[in-house]
**Student:** 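Quick one: this structure, given as structure tokens, is what I'll be asking you about.
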Amino acid sequence: MQYPLYLSVLVPLPLKQPIFTYIYESGSDEEPQLVGRLVTVPFGPKKCYTGLVLAQQHIEPEGAHRLKPVLKLLPYPPIPPYIIELWQWVASYYMCSLGEVLTAAIQQGFRPDGTQGEELKRTALMLRGWLPSERLMSDAHFRGYLQGQLKGGSAAEKALQKILTTYRQGDKPPMSLQELAEWLETSSYTINKLRKVGVVEECEVLASSLNEAVTLPHHKVGDALSKAITIGSSRIALIHCPNSRIEERIPYDFLLQRVAKGKQVLLLLPNIEVLKQLMPELQKQFGASLYRYFSTTTEKERRTTWLAALSGEAGLYVGLRAAVWLPFASLGLVAIIDEEDRGYRQYEPAPRFTATNTALMLAHFAKVETLLLSATPSIESYTLALQQKYSFVEVPHTPPDVRVQTVWMPKAFEEHSVQGRMLSFQMIGAIREAIDEGGLALLLYQRKGFARSATCPKCQASPKCPHCHTTLRYMEQSRMLVCGICGYYQSLPNHCPECGAGGMQLIGTGIERLRRAMEELFPGIPIKMAEEVDRRTKLPPVILSSSYQPPQEFLRSATTVGWVQLDLLYALSDYRANELTFRYLMQSRDEAPQLQRIVVQHFATAPNALTAFEQNDYQQMLDFELEERHAILLPPFSRHIDIYFESAAQSQAFQLATTAVTTLQNKLPEVTTLGPAPMPVHKKETTIGYKVTLLAPLQRSSKQLRDAIYQLLDPLLKEYRGPKMNCYYDVDPL
DNA sequence: TGCTAGTGTACG
DNA sequence: GTACACTAGCAA
């Protein structure tokens with residue numbers, strides 16, 4: 001008996017309600033299992049999208065709408081139910097549409113979208129050709145009928161016999177008619193006959209489903225790190241590897257063992273730089289069972305990896321944050337390297353999610369273990385370890401043999417031991433040592449341009465960005481005043497635009513001024529900015545980096561690291577500033593194998609991060625942070641959610657954000673609601689955004705909190721009349 | 001009256 | 001996200 005099936009299909013669009021019903025006419029006797037399958041469906045008057053089947057039923061649903069039919073059932077295996085559960089969790093936890101999660105989770109290449117009528121772009125891994133028909137293989141009646149049709153002893157009947165005795169479904173790729181004739185040892189006339197009666201039919205098959213089995217790697221002699229790992233009953237282990245370099249945080253042997261057992265292992269890395277650095281060794285260790293999944297690989301390779309994950313191929317799956325979307329059919333382990341890294345956070349576009357947290361949920365739904373390996377774990381993870389939600393492993397280590405000098409700049413100025421505005425005698429001495437021994441001095445100064453501002457000597461006015469209202473910095477190279485946020489630029493005016501006085505003064509310092517000072521102090525020595533260095537030739541003796549996380553390859557060669565002004569990081573108005581300062585200090589020393597000495601200049605008195613770093617004491621930083629954050633209920637002692645209101649109309653956005661703040665403060669008094677804070681324009685359009693920050697106590701479940709927010713804000717947005725307003729959430733921002 | 005730009009609504 | 005219907009504003 002045949003009847004139509006009604007499918008609930010999730011479409012990859014950012015809608016509040018992205019699930020729609022379609023009709024599927026099934027051709028076979030049994031009810032096909034379509035949940036988890038990808039289907040192409042018509043949507044609206046012109047478009048069609050590939051969506052995910054969430055449910056099926058044969059009872060006609062209510063509503064008099066005329067339902068549209070499914071256009072095509074994609075030949076991928078179904079997405080495992082626990083993966084769909086994970087995606088639903090992401091949409092709910094990170095407060096975004098399930099359609100947005102689907103868009104992120106299944107890349108464009110795997111779900112061809114297009115215009116109705118026009119042939120959908122065929123996916124590259126499909127093989128097209130002729131094979132014995134599915135009906136022949138599955139339907140005994142049809143088989144009998146065909147055998148009756150073809151005269152006994154005829155060439156066609158012999159060919160059918162051959163198919164029935166030798167062919168098993170899926171063991172041959174689709175063939176051309178000529179190849180089919182060769183296989184069946186018959187003529188094109190007979191093939192044509194078989195085609196007409198329906199013994200063979202044209203079909204499309206996934207190329208990868210015919211992959212031959214990969215030999216799994218042998219498991220080798222254990223490394224010390226793998227031996228140290230123990231995982232408790234919580235199935236999550238936080239592994240603290242103090243003073244380690246990135247390659248020392250990969251438990252190769254532990255991962256190999258799981259792969260050798262025929263399991264899929266997900267290895268998450270925080271950024272492309274680390275990934276490139278580790279790739280040769282990973283390739284050596286895992287060989288053919290290494291599957292790569294990140295944006296710089298070819299689309300074909302990503303698709304192979306995706307299909308391998310979905311078909312349950314054992315192996316090590318390596319990727320950046322997007323690899324958490326791989327639909328693993330037989331996951332055995334998740335390993336996250338440097339879980340605290342900001343590279344795991346995605347801000348734009350939605351879903352705004354943290355891959356570390358999402359990967360933990362992936363492992364949770366798959367009921368497998370997770371390893372978090374880090375040199376400086378986040379306060380959040382450490383707290384969970386303290387609460388015994390994670391088991392905690394401290395890997396033995398040897399403190400590095402590096403000379404650490406700290407210079408308190410106010411005192412240095414007082415003693416007149418500062419040259420070129422910002423370099424103490426200690427710093428200059430350390431740089432000179434590096435130059436003399438033929439090493440590399442790497443100076444860190446996270447301040448772009450030449451000067452902080454151009455200021456009028458008479459009225460003290462400084463040109464500001466018309467979009468962001470921040471003071472424009474002066475860039476020496478382009479001789480322009482530039483906005484550090486949106487990139488707006490203008491030339492340096494000769495006269496003050498406010499009062500007309502002449503002789504604008506350049507106030508404050510930037511990395512370009514540092515370079516000029518260095519050139520005066522070290523004449524004849526090549527001094528380069530990090531971005532100018534030609535990586536193919538020998539490194540210059542001095543490199544200036546405007547990032548506190550300089551490129552790994554410079555750290556690898558550095559013999560001296562100089563922090564020109566620690567305060568630019570430490571004094572950020574971010575409750576994670578101290579934690580971040582400690583982490584970057586540690587990295588600038590521990591990831592540099594050649595390092596002899598490190599000099600840190602600072603203005604603040606005894607920053608905790610610096611003292612903890614000098615004493616090589618992670619615990620000291622943690623204790624300080626936990627106390628600070630507990631006192632004012634910051635994460636991990638509260639939940640942090642940011643709400644954004646964006647519109648071209650500034651006053652309306654501000655007004656709505658203000659109303660939201662008052663409503664939230666009145667109705668949720670236990671939650672600290674801050675803002676609205678104006679946000680810099682981040683897109684090219686002239687939209688203005690306001691941010692409202694919520695810090696909610698942990699007593700209430702996060703689900704309850706989110707529901708309460710929706711209940712209060714949805715009516716506000718519904719009532720709002722005026723220019724287009726965009727409102728979105730950012731849960732657990734980093 | 002005709003055109004354009006902006007907005008609201010629905011999409012199964 | 002895209003398509004289409006609708007409306008306000010404006011020029012002919």
Side-chain angles (χ1 to χ4, degrees), chain A residues 3-26 34-74 84 87 90-91 94-121 325 346-353 644-653 655-656 683-688 714-729:
Chain A
Y3 37 76
L5 274 178
Y6 298 94
L7 305 182
S8 299
V9 177
L10 169 66
V11 292
L13 294 174
L15 310 173
K16 272 227 169 84
Q17 225 306 20
I19 300 160
F20 296 85
T21 313
Y22 288 88
I23 297 185
Y24 179 80
E25 299 285 348
S26 141
L34 299 178
V35 173
R37 296 288 298 269
L38 296 184
V39 288
T40 303
V41 291
F43 194 80
K46 288 222 171 82
K47 301 286 291 183
C48 58
Y49 294 101
T50 296
L52 173 68
V53 179
L54 291 183
Q56 66 183 62
Q57 60 171 70
H58 37 253
I59 307 148
E60 194 178 313
E62 277 184 61
H65 294 289
R66 231 178 54 234
L67 299 180
K68 288 184 182 173
V70 166
L71 295 177
K72 189 174 177 182
L73 179 66
L74 298 198
I84 299 176
W87 296 349
V90 170
Y94 290 108
M95 303 178 85
C96 66
S97 161
L98 187 55
E100 288 171 318
V101 179
L102 183 70
T103 313
I106 304 183
Q107 298 192 355
Q108 203 99 75
F110 318 143
R111 44 167 185 82
D113 298 342
T115 314
Q116 284 169 34
E118 155 195 318
E119 181 83 5
L120 286 173
K121 225 185 9 180
W325 305 123
Q346 171 155 318
Y347 289 98
E348 220 44 64
R352 297 173 179 83
F353 72 103
Y644 289 86
F645 295 88
E646 278 183 356
S647 174
Q650 184 179 358
S651 59
Q652 271 94 336
Q655 211 169 4
L656 191 61
K683 290 166 199 152
K684 276 194 187 114
E685 301 99 81
T686 47
T687 55
I688 296 282
D714 283 350
L716 277 189
L717 288 161
K718 218 169 180 179
E719 273 168 43
Y720 169 81
R721 294 280 168 272
K724 229 190 176 75
M725 183 73 62
N726 187 19
C727 171
Y728 59 86
Y729 300 91

**Student:** With distance as the sole test, does A:Tyr644 use its side chain to make a donor-acceptor pair with the main-chain N or O of A:Asn726 at under 3.5 Å?
**Tutor:** no
**Student:** What is the distance, to the nearest angstrom, from the OH atom on A:Tyr49 to the C1' atom on B:dA10?
**Tutor:**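 It works out to 13 Å between those atoms.
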**Student:** Remember a base hit wins even if backbone is also touched, and classify A:Leu15 as base, sugar-phosphate or nothing at under 4.0 Å, heavy atoms.
**Tutor:**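 It contacts base atoms.
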**Student:** Side chain of A:Thr40, backbone of A:Thr50: donor and acceptor closer than 3.5 Å?
**Tutor:** no
**Student:** Under 4.0 Å: is that the gap between some side-chain N or O of A:Lys46 and OP1 or OP2 of C:dC4?
**Tutor:**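 Checking A:Lys46 against C:dC4: at least one side-chain N or O falls below 4.0 Å of OP1 or OP2.
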**Student:** In whole angstrom, what separates A:Leu54's CG from B:dG12's C1'?
**Tutor:** 14 Å
**Student:** A:Lys47 has an atom NZ; how far is it from atom C1' of B:dA10, in whole Å?
**Tutor:** 16 Å
**Student:** Considering only heavy atoms from C-beta outward, does the side chain of A:Ile106 approach that of A:Pro12 to under 4.5 Å?
**Tutor:**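 A side-chain contact under 4.5 Å is absent here.
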**Student:** Over how many whole Å does the gap from A:Leu10 atom CG to C:dG1 atom C1' extend?
**Tutor:** 14 Å
**Student:** If I take atom CD in residue A:Gln17 and atom P in nucleotide C:dG1, what distance separates them, rounded to the nearest angstrom?
**Tutor:**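 Going from CD in A:Gln17 over to P in C:dG1 covers 17 Å.
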**Student:** In whole Å, I'd like the distance from the OH atom of A:Tyr728 to the P atom of C:dG1.
**Tutor:** 13 Å
**Student:** Grab the CZ-C1' distance between A:Phe43 and C:dC4 for me, whole Å please.
**Tutor:** 14 Å
**Student:** One pair to check against side chain to side chain contact (heavy atoms under 4.5 Å, CB included): A:Phe645 and A:Leu716. What are the steps and the verdict?
**Tutor:** CA-CA 12 Å; A:Phe645 295 88; A:Leu716 277 189; over 6 Å; no
**Student:** Among C:dG1, B:dC11, C:dA3, which nucleotide sits nearest the side chain of A:Leu13?
**Tutor:** C:dG1
**Student:** Using the side-chain heavy atoms of A:Phe20, tell me which of these nucleotides is nearest: B:dT7, C:dC4, B:dC11.
**Tutor:**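 Looking only at heavy atoms from C-beta outward on A:Phe20, the closest nucleotide is B:dC11.
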**Student:** Measure the distance from NZ on A:Lys68 to P on C:dA3 and round it to the nearest whole Å.
**Tutor:**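 Going from NZ in A:Lys68 over to P in C:dA3 covers 12 Å.
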